[in-house]
Every structure is written in C-alpha cells, then in structure tokens.
Participant: 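Starting off with a structure, shown below.
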Amino acid sequence: MDAAGDSFEAAWLEHRRALWRVAWLIVGDPDQADDIVSAAFARSLNGWAEREILNPKAYLRRAVVNEASDSFRRAGRDRRWLVRRTGEGRGMRPVDSQVAEGTDLAAALRRLPIDQRAVIVLRFWGDLSERDAAEALSISVGTVKSRTHRALKALAADLGPGFLADQAVEATDG
Amino acid sequence: MAELDVSPAFEAALRTELARLGESAPVPDDAHLDALEGRADDRPSPGPRDRRSLALVAAIVLVIAGLAASIGAAILRSDDGVDRTRLGGGRGTTTTTAAVPVGPILPARSLTTSFEGRAPEGPDGAILTNGVTDAETLAEVWADAGRPTSSLPTVDFATEVVVEVTMDDVACASPELEFRKGPAAVRAAAVEPASCSDPSAVAGPRTYFYALRWSDTGRPFQLEVADPSDPDAFGSIAIG
C-alpha cells in the first residue's frame with residue numbers, strides 16, 4: 001500500500017466507530033448505517049489520493065454525513081415530486097425516518113426532517129461549531145443557524161416541559 | 001402565536017440526552033466494520049476503458065437532458081412572453097446536479113430590495129423563476145408579486161433583461177443574489193448575509209428582481225437558480 005493508502009487506513013481505523021455512530025444517530029437504523037459507512041468508505045478512499053487532506057476526521061465525517069443526506073434527499077425528492085403533482089402524501093412521513101426507538105428524544109428526532117436531524121446530531125452530540133457543521137453538511141453557516149433554530153423549536157415543542165423536568169430530577173438523583 | 005423560547009437549559013439537557021443515546025448505539029465490532037470496508041472494496045473500480053465509457057454515457061445523458069430542458073422551456077413559454085419554471089416541480093423543469101460554474105460575477109442591477117414573496121406552489125423548496133423581456137410583461141409580473149405600480153422600475157429592454165426569482169426555504173433572508181457566468185449558463189445563487197445572528201428572522205420565500213445586460217448574458221441564455229436547500233441541485237430556464 002502506498003503512503004496515501006497507509007494514511008487513509010490509519011485515519012479510517014481511528015475514526016470508523018465514531019463515524020458509524022454518527023450515521024446511526026442520523027438515520028437510526030443499523031443496516032442503513034452500515035450502507036452509509038460502506039459507501040462513505042469507498043467515496044473517501046477515492047478522494048483521499050486526489051488531494052491533500054488537512055483534517056482527516058472532518059473529511060471522513062463529511063463523507064458520512066453527505067452519504068446519509070444524499071440517501072434521504074433522494075427519497076425526499078421522490079416524495080416531493082409526488083406531492084407537487086398529485087397532492088398525495090401531504091403530511092406523510094418519509095419511509096426513511098427510522099431513528100432508533102427507545103427514548104422520547106429518539107422518537108422526537110425521528111419526527112425531524114433529515115436536514116434538521118443531522119444538524120442537531122453534529123452540533124449537540126458531536127459538539128461541532130457552526131462553521132464545522134456547515135462544512136460537514138456542505139451548507140452555509142447561516143443555514144446551519146436557521147436549521148438549528150427550527151430543530152430546537154420543534155424538539156422543545158415535541159418533548160414538552162417534562163423533558164427538562166426529567167433531566168432536573170436525574171441530575172438531582174445523580 | 002408566541003415565539004417558543006428554547007432555553008440554554010434545554011440545550012444542555014439535549015446534549016446530555018443525546019450523549020446517552022449515542023452511547024446506546026449498537027456499534028458493530030471490528031470484524032463487522034472490516035466487512036463493511038470489504039463490501040466497498042468489492043465494488044468494481046472503473047478502469048481507463050470503463051471511465052471513458054462512463055464519460056461517454058454521461059455526455060450523452062447531459063445532451064439529452066439539455067435537449068429535454070430546452071423543449072420543456074419552449075413549451076413552458078406562455079402567451080404573455082414570460083418563461084415560467086419551477087425547481088423540481090415538473091412542467092418541463094430540470095432539477096439536476098452539476099458542478100457549480102466558476103466564472104466571473106456579472107453586473108446585475110437590483111430593481112428592488114428583496115422582499116418576502118408569495119410562496120410558490122408546492123410544500124417546500126420550490127423556486128419560481130421568470131425571465132421578462134418587455135415592459136408590459138414586467139408590469140404584470142411586478143403587480144403579481146405584490147409590488148406597487150408606483151415603484152415599477154424603468155428598464156431598457158433593448159439592452160437589458162429582467163429576472164425574477166422567488167425562493168422558498170432561504171436561510172437568514174439573503175438580501176441579494178449573485179449571478180455568475182458559466183460556460184453554458186448564468187447561475188444565480190443567494191448570497192449569504194454577512195451577519196446571521198437572528199435565525200428566527202427567516203421568513204419563508206423571498207423574491208428578487210434583477211436586470212442583467214444582454215451583452216453579459218448572451219441572447220438567448222440559460223439561467224440556472226441554485227436550490228438553497230440542496231447545494232447540488234438547481235433549476236434551469238431558457239430566457240430570450
């Protein structure tokens with residue numbers, strides 16, 4: 001293996017668990033996460049040798065997030081096409097919304113559009129700055145801000161005041 | 001409706017709960033992850049001959065798509081002389097992906113400050129684009145957009161063309177559009193505001209009116225409008 005291949009393998013091995021976790025948090029389904037990580041591996045491997053990668057972690061994360069978004073975007077575009085042409089499907093959830101079940105938050109995340117879900121995962125789970133999240137999602141910083149704002153409002157409305165109360169109780173118990 | 005307050009406490013609780021959710025992720029073991037990489041390795045990598053074939057197929061597809069777009073745009077041209085198209089909405093529209101044309105920024109005369117426009121039909125992400133080539137049509141389009149007749153701009157249509165763009169789902173209310181001249185089209189895209197400190201100010205679709213010089217665009221020309229919600233997608237319309 002050449003030097004580029006070696007550096008890619010080292011970076012991938014170091015970050016692949018975190019990358020899989022990001023994919024799972026966004027899509028919520030282990031099989032889909034597998035597909036996304038596998039595709040991101042191939043895509044980023046091809047790109048690795050073609051340019052100088054200054055931040056391997058950010059580069060790989062971007063590949064995973066883009067792959068997840070692309071798959072949802074394709075599904076969403078098909079759905080929007082139907083809605084525009086026939087009016088059918090208004091208010092329907094896309095079949096791709098399969099975030100892990102088990103908690104109120106997971107269910108609330110599932111009800112967010114994929115773009116908002118991704119920005120929440122990156123900003124509040126991955127602790128990415130607005131600029132880094134923008135880079136990972138290939139969108140502007142302004143779009144990150146607006147999506148974050150909309151997602152937080154939706155989550156707060158969905159989870160209700162009980163979410164904060166539960167957290168306070170657990171903090172006290174802990 | 002009252003604005004919902006999202007407090008720092010909520011954000012902190014969200015971080016805590018997301019951390020828990022992340023910890024509960026059923027991360028596969030090394031053997032499984034190795035297998036995923038093997039799946040990727042199993043995909044045939046195109047050799048030089050295959051790449052040439054792929055490039056040929058891609059070129060053919062692009063030519064066909066271009067012809068279809070031109071035919072669609074011609075069909076779309078209505079009797080009032082206005083070209084109308086919608087991103088992603090059928091009716092002869094193209095929604096496609098391509099590299100962003102890198103070219104010089106065209107001088108564009110803003111005819112009005114961008115304003116909150118009427119939402120194009122469709123639930124989200126729709127873009128309405130008009131290419132206006134005469135004064136009478138401009139008056140109709142201007143009124144249709146809710147602009148007062150008293151502010152109708154003067155345009156020399158012998159040398160200029162007017163472009164109206166209404167975009168939904170624009171983040172942080174972009175005050176202006178930027179037009180770039182690519183090899184095959186003029187690409188319009190919203191310019192991100194320098195400051196976006198108040199994302200709650202985002203307010204639905206925004207409408208822009210610009211006058212471009214025929215000498216800069218060429219006549220006829222293809223206008224592409226970048227989808228603000230999808231960096232890889234744009235709508236395309238033939239003008240002139």
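Computed over heavy atoms, backbone and side chain alike; hydrogens, waters and symmetry mates excluded. Letters go in sequence order (proteins before strands), and every chain restarts at 1.
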Participant: Taking 4.5 Å as the heavy-atom cut-off, does anything in residues 118-125 of chain A contact chain B, and if so which residues?
Facilitator: A:Ile120, A:Arg123, A:Phe124, A:Trp125

Participant: Please report the interatomic distance CD1(A:Ile36) to CG(A:Asp29), rounded to the nearest 0.5 Å.
Facilitator: 9.0 Å

Participant: May I ask you to list the residues in residues 15-23 of chain A that approach chain B closer than 4.5 angstrom, counting heavy atoms only, ordered by number?
Facilitator: A:Arg16, A:Arg17, A:Trp20, A:Arg21

Participant: Test of understanding: with side-chain hydrogen bond (donor to acceptor under 3.5 Å, both in side chains), list the residues that count as partners of A:Asp127, not counting sequence neighbours.
Facilitator: B:Arg15

Participant: For the CG atom of A:Asp132 and the CZ atom of A:Arg62, what is their distance to the nearest 0.5 Å?
Facilitator: 11.5 Å

Participant: Look up atom CG in A:Leu60 and atom CZ in A:Phe8, then write down how far apart they are to the nearest 0.5 Å.
Facilitator: 6.0 Å

Participant: Kindly write out the residues that satisfy side-chain hydrogen bond (donor to acceptor under 3.5 Å, both in side chains) with B:Glu178, not counting sequence neighbours, or none if the list is empty.
Facilitator: B:Arg180

Participant: Has A:Ser38 got a side-chain atom pairing as donor or acceptor with A:Asp34's backbone, closer than 3.5 angstrom?
Facilitator: no

Participant: Below 4.0 angstrom, N of the basic side chain to O of the carboxylate: do B:Glu17 and B:Arg20 qualify?
Facilitator: yes

Participant: Indicate yes or no for a side-chain donor-acceptor contact from B:Tyr208 to the backbone of B:Leu177 under 3.5 Å, with no hydrogens or angles considered.
Facilitator: no

Participant: Quick check on side-chain contact (heavy atoms from CB on, under 4.5 Å): which of A:Ser7, A:Ser44, A:Pro56 does A:Trp12 satisfy it with?
Facilitator: A:Ser44

